[in-house]
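Reading through the structure tokens given below for one structure.
Residue indices begin at 1 and follow the sequence shown. All values reported here derive from a predicted model rather than from experimental measurement.
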Amino acid sequence: MDQFNLELARYGKHTVRVYKVMRNAETGVQDVCEMTLNVMLEGEIEASWTHADNTPIVATDSIKNTVYILAKEHAVTPPEYFAALIGKHFNTTYPHIHATSVSITVHRWTRMVFDGVPHPHSFIRDGEETRTVEARIEENGPTTITSGIKGMLVLKSTGSQFHGYVKDEYTTLPETWDRVLSTSVDCTWEWAPFPTFEAVEANKDFDSAWESARRITMKTFADEDSASVQDTTYKMACSILAAVPGVDGVRYELPNKHYFEINLSWHKGIKNTGKDAEVYAPQWGPSGTIQCYATRKR
Ligand SMILES: O=c1[nH]c(=O)c2[nH]c(=O)[nH]c2[nH]1
């Protein structure tokens, strides 16, 4: 095999599922956090691929166990901190491990509220939207962290237009000044690199950035009279950059989930198009896909 190169040697554990309860003994209120993690290791581990030498391998089963122990011994929120903690652990515990990549998906458990009173220990999965973190922690380099929102499904029944686009022999789409707009928002924001673990620990903006990104995404979507998905995503991305100084770049990816008008005039002359449209046909696909990546001007 001397004529070949091992270009990539990386391994770890995927889909480590963890749930943690945080009990406040004084108030009796409990908080919960459920997440799914992927942990990948890099370093002087090539021999296990090239020479069938398992001595450098920290078993993926041990990687999973380590996540449980770190979750027991430390805070798991904000997830950016927990990701960096896991990375620091592997890079410092094993001298031959030089970089750790951690991705975390936090699942929604929203506290139940009855007659305006938050329940002390009951929660509801109010949607499949998740909070995400992708972190790469290097032994001799900065920690890079990208936070995000995935799968925020939104719809507005008016306040969206689409006209003025290229019209040629391939065009059948009618221009519209009033349409349904629906999308499942994937948004990520890249933090300026953190030189040390302590710098990650000291950053108190992770939760507020996530809250700002959610609010900006929803409020821009709701309030803007959108010219196109392109226009709306750019406005959202710029607003997040303006609101969160520690963030260098913001990325959006949105499918345009089409709702087609249905011409029902064949039945007793019913009017159901244009300003009379009330019953629409939601489409599975194809859907437009609009991407946007905005950064600060340097
Ligand atoms: O907001 C939109 N952007 C497009 O690029 C596009 N293309 C299309 O058919 N409908 C839309 N809507």
Are the side chain of Asn272 and the backbone N or O of Ser265 linked by a donor-acceptor pair below 3.5 Å?
no
Between Val133 and Ile145, is there a side-chain heavy-atom distance shorter than 4.5 Å?
yes
Between Lys204 (side chain) and Glu201 (backbone), is there a donor-acceptor pair under 3.5 Å?
yes
Using only heavy-atom distances, determine whether the side chains of Thr171 and Asp168 contain a donor-acceptor pair under 3.5 Å.
yes
Within a strict 4.5 Å, meaning less than it, do heavy atoms of the Tyr259 and Gln283 side chains meet?
no
Side-chain contact, heavy-atom cut-off 4.5 Å: Trp189 with Asp248?
no
On the six-membered ring of Tyr293, is Arg251 placed so that its NZ or CZ lies under 6.0 angstrom from the centre and within 45° of the ring axis?
yes
Between Arg136 and Thr144, is any side-chain donor less than 3.5 angstrom from a side-chain acceptor?
no
I'd like to know if the side chain of Arg296 reaches the main chain of Val247, judged simply by a donor and an acceptor atom lying under 3.5 Å from each other, with no hydrogens or angles considered.
yes
According to a 4.5 Å side-chain heavy-atom criterion applied to Ile, Leu, Val, Met, Phe, Trp and Tyr, with indirect links allowed, do Leu173 and Ile290 form part of one hydrophobic cluster?
no
Can the positive tip of Lys88 be found less than 6.0 Å from the middle of the six-membered ring of Phe90, inside 45° of the ring normal?
no
For Thr36 and His107: C-alpha separation, side-chain torsions, deciding distance, then whether side-chain hydrogen bond (donor to acceptor under 3.5 Å, both in side chains) applies.
CA-CA 8 Å; Thr36 305; His107 307 285; 2.7 Å; yes
Looking at Glu128 and Lys150, is any side-chain nitrogen of the basic one under 4.0 Å from a carboxylate oxygen of the acidic one?
no
Does any donor atom in the side chain of Tyr252 or Thr188 lie under 3.5 Å from an acceptor atom in the other side chain?
no
Can you confirm whether the side chains of His98 and Glu139 place a donor and an acceptor under 3.5 Å from each other?
yes
Please check this pair: side chain of Ser122 against backbone of His119, looking for a donor-acceptor N/O pair closer than 3.5 Å.
no
With a 4.5 Å cut-off on side-chain heavy atoms, are Ser184 and Lys257 touching?
yes
So OG1 of Thr55 and CD1 of Ile45: to nearest 0.5 Å the spacing works out to 11.5 Å
Passes side-chain contact (heavy atoms from CB on, under 4.5 Å), Phe123 versus Met112? Steps please.
CA-CA 5 Å; Phe123 306 85; Met112 290 184 188; 5.7 Å; no
Exercise: do Ser226 and Thr232 side chains pair donor with acceptor under 3.5 Å
yes
Side-chain contact, heavy-atom cut-off 4.5 Å: Asp207 with Trp210?
no
Is it the case that Gln30 and Asn24 place a side-chain donor and acceptor less than 3.5 Å from each other?
no
Asp225 and Lys156: salt bridge (charged side-chain N to carboxylate O under 4.0 Å, His left out), yes or no, with the steps?
CA-CA 10 Å; Asp225 194 4; Lys156 66 195 290 190; 6.0 Å; no
Regarding Arg111 and Asp31, does a basic nitrogen lie under 4.0 Å from an acidic carboxylate oxygen?
yes
Within the distance-only criterion (no hydrogens, no angle test), does the side chain of Glu42 pair as donor or acceptor with the backbone N or O of Met40 below 3.5 angstrom?
no
Any carboxylate oxygen within less than 4.0 angstrom of a Lys/Arg side-chain nitrogen, looking at Glu34 and Lys20?
no
A side-chain contact here means heavy atoms from C-beta on lying under 4.5 Å apart; do Ser160 and Asp178 qualify?
no
Check: Lys13/Thr60 side-chain N/O donor and acceptor closer than 3.5 Å
yes
Hey, is OH on Tyr280 packed in by over 12 heavy atoms from elsewhere, all under 6.0 Å?
yes
Does a donor on one side chain and an acceptor on the other come within less than 3.5 Å for Asn256 and Ser287?
no
Any donor-acceptor pair under 3.5 Å from Asp186 side chain to Gly151 backbone:
yes
Would the distance check show the side chain of Thr27 and the main-chain N or O of Val29 forming a donor-acceptor pair, the cut-off being under 3.5 Å?
yes
CA sep, side-chain torsions, deciding dist, call: Glu224, Lys219, salt bridge (charged side-chain N to carboxylate O under 4.0 Å, His left out)
CA-CA 8 Å; Glu224 196 213 4; Lys219 190 92 173 92; over 6 Å; no
Does any donor atom in the side chain of Glu261 or Thr273 lie under 3.5 Å from an acceptor atom in the other side chain?
no
Stepwise side-chain contact (heavy atoms from CB on, under 4.5 Å) test for Ile63 and Val58
CA-CA 7 Å; Ile63 295 174; Val58 179; 4.3 Å; yes
Does the Asp205 side chain pair with the main chain of Gly246, one donor and one acceptor, at a distance under 3.5 Å?
no
Look only at the side chain of Asn5 and the backbone of Glu7, and say whether a donor-acceptor pair between them is shorter than 3.5 Å.
no
Close side-chain approach of His258 to Trp284, heavy-atom, < 4.5 Å
no
Starting from the C-alpha separation in whole Å, work towards a yes-or-no answer on side-chain contact (heavy atoms from CB on, under 4.5 Å) for Tyr11 and Leu41.
CA-CA 6 Å; Tyr11 79 104; Leu41 307 183; 3.8 Å; yes
Does one side chain, of Asp53 or Ser48, offer a donor that lies under 3.5 Å from an acceptor on the other?
no
Decide yes or no on ring pair (Phe, Tyr, Trp, His ring centres under 6.0 Å) for Phe162 and Trp177, but give the supporting numbers first.
CA-CA 6 Å; Phe162 190 57; Trp177 281 258; over 10 Å; no
Given side chains that start at C-beta, do those of Leu37 and Val18 come closer than 4.5 Å, heavy atoms only?
yes
side-chain contact (heavy atoms from CB on, under 4.5 Å) between Met35 and Arg131, intermediate numbers included
CA-CA 9 Å; Met35 52 193 165; Arg131 175 174 173 178; over 6 Å; no
Could you check whether Ser147 and Glu80, counting side-chain N and O atoms only, form a donor-acceptor pair closer than 3.5 Å?
yes
Is a donor on one side and an acceptor on the other found under 3.5 Å between the side chain of Lys167 and the backbone of Tyr165?
yes
What pair of heavy atoms forms the shortest contact from Ser182 to Leu153, and how long is it?
OG-CD1, 4.5 Å
